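Heads up: the structure comes next, in structure tokens.
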Amino acid sequence: QVQLVESGGGLVQAGGSLRLSCAASLHTFSSYAMGWFRQAPGKEREFVAAINWSGGTTFYADSVKGRFTISRDNAKNTAYLQMNSLKPEDTAVYYCHAPRGGNYPPSLSGGRDDYWGQGTQVTVSS
């Protein structure tokens, strides 16, 4: 059974930093693209960042570009999201994600049948 387990969320002041980790039980982790999504209260889940299987290609939502960095360590079956210059509007539950087919569609969307973590809360105070 595939499991994605996030950690590293918490409460931070605006301007601060957090690093999220996602430990994956995927048997062939290195063949999957990985991503992060988030959902704020009363809003739909939205794409944050994605990284291809090798780590050589990354994608970011415009709202986090230049502040967040996605990375991965295939030897540790772990993906990361380094979040700097955090803003109150970054407050959300952050979900680790892996597309079931291994690659993201051009829309960078996440489907119900994909692999999702349980989520970790990030709260940024002003």
Side-chain angles (χ1 to χ4, degrees):
Q1 184 176 353
V2 174
Q3 281 191 316
L4 303 179
V5 180
E6 303 99 335
S7 61
L11 173 64
V12 64
Q13 288 188 330
S17 298
L18 283 173
R19 188 175 85 151
L20 305 183
S21 298
C22 172
S25 67
L26 289 163
H27 180 63
T28 54
F29 177 80
S30 61
S31 65
Y32 282 82
M34 297 293 297
W36 291 91
F37 288 72
R38 67 186 181 185
Q39 187 168 19
K43 295 187 177 181
E44 293 188 353
R45 191 174 299 186
E46 64 175 3
F47 169 79
V48 175
I51 188 168
N52 76 331
W53 66 273
S54 69
T57 302
T58 56
F59 304 91
Y60 296 95
D62 288 343
S63 59
V64 307
K65 209 171 286 185
R67 300 187 298 122
F68 290 11
T69 302
I70 189 171
S71 62
R72 65 190 297 157
D73 186 338
N74 286 343
K76 295 183 178 179
N77 278 25
T78 302
Y80 304 96
L81 185 68
Q82 177 66 44
M83 304 185 294
N84 297 330
S85 302
L86 282 161
K87 304 175 181 180
E89 51 263 45
D90 294 318
T91 295
V93 177
Y94 283 71
Y95 296 91
C96 181
H97 172 266
R100 183 173 288 270
N103 294 302
Y104 281 95
S107 62
L108 295 174
S109 58
R112 186 177 299 181
D113 292 336
D114 291 339
Y115 304 119
W116 295 92
Q118 81 287 351
T120 185
Q121 177 70 46
V122 171
T123 303
V124 185
S125 63
S126 56

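Computed from a prediction, not measured in an experiment: that's the story for all the values here.
Within the 4.5 Å cutoff, the side chain of His97 has heavy atoms near those of the Asp114 side chain. At least one side-chain heavy atom of Met83 sits under 4.5 Å from a side-chain heavy atom of Leu20. Looking at Ile51 and Thr57, their side chains never come closer than 4.5 Å, going by heavy atoms from C-beta outward. Within the 4.5 Å cutoff, no side-chain heavy atoms of Tyr94 are placed close to those of Glu6. Side-chain contact check for Leu18 versus Val122: some heavy-atom pair is nearer than 4.5 Å. Two residues are said to be in side-chain contact when any heavy atoms from C-beta on lie closer than 4.5 Å; Trp36 and Cys22 meet this criterion. Using a 4.5 Å cut-off on side-chain heavy atoms (C-beta onward), Leu86 and Gln13 make no contact. Side-chain contact between Ser71 and Tyr80 is present, with at least one heavy-atom pair separated by less than 4.5 Å.
At a threshold of 4.0 Å, the pair Asp62-Lys65 counts as salt-bridged, since one of the basic side-chain nitrogens sits closer than that to a carboxylate oxygen.
Judged by the 6.0 Å and 45° rule, Arg72 forms no cation-pi pair with Tyr32. Figure legend: cation-pi geometry between Arg45 and Trp116, with NZ or CZ positioned under 6.0 Å from the six-membered ring centre and within 45° of its axis.
When all heavy atoms are compared, the tightest approach of Tyr95 to Gly117 is CD2-O, 3.6 Å. The minimum heavy-atom distance linking Ala40 with Thr91 is given by the pair CB-O, 3.6 Å.
With Arg67 contributing its side chain and Ser85 its backbone, the two residues share a donor-acceptor pair below 3.5 Å. When atom types are taken as modelled, the side chain of Gln82 and the backbone of Phe68 share no donor-acceptor pair closer than 3.5 angstrom. Put simply, the side chain of Gln39 never gets that close to the backbone of Glu44: no donor and acceptor are under 3.5 Å apart. Judged by distance alone, the side chain of Tyr60 and the main-chain N or O of Ile70 form a donor-acceptor pair under 3.5 Å. Between the Tyr115 side chain and the Cys96 main chain, no donor and acceptor come within less than 3.5 Å of each other. Checked by atom type and distance alone, the side chain of Asn77 never pairs as donor or acceptor with a backbone atom of Ser25 at under 3.5 Å.
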Could you go through Gln121 and Thr123, starting from their C-alpha distance and side-chain angles, then the distance that decides it, and tell me whether this counts as side chain to side chain donor-acceptor pair (under 3.5 Å)?
CA-CA 6 Å; Gln121 177 70 46; Thr123 303; 3.3 Å; yes
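Thr78 and Asp73 share no side-chain donor-acceptor pair at under 3.5 Å.
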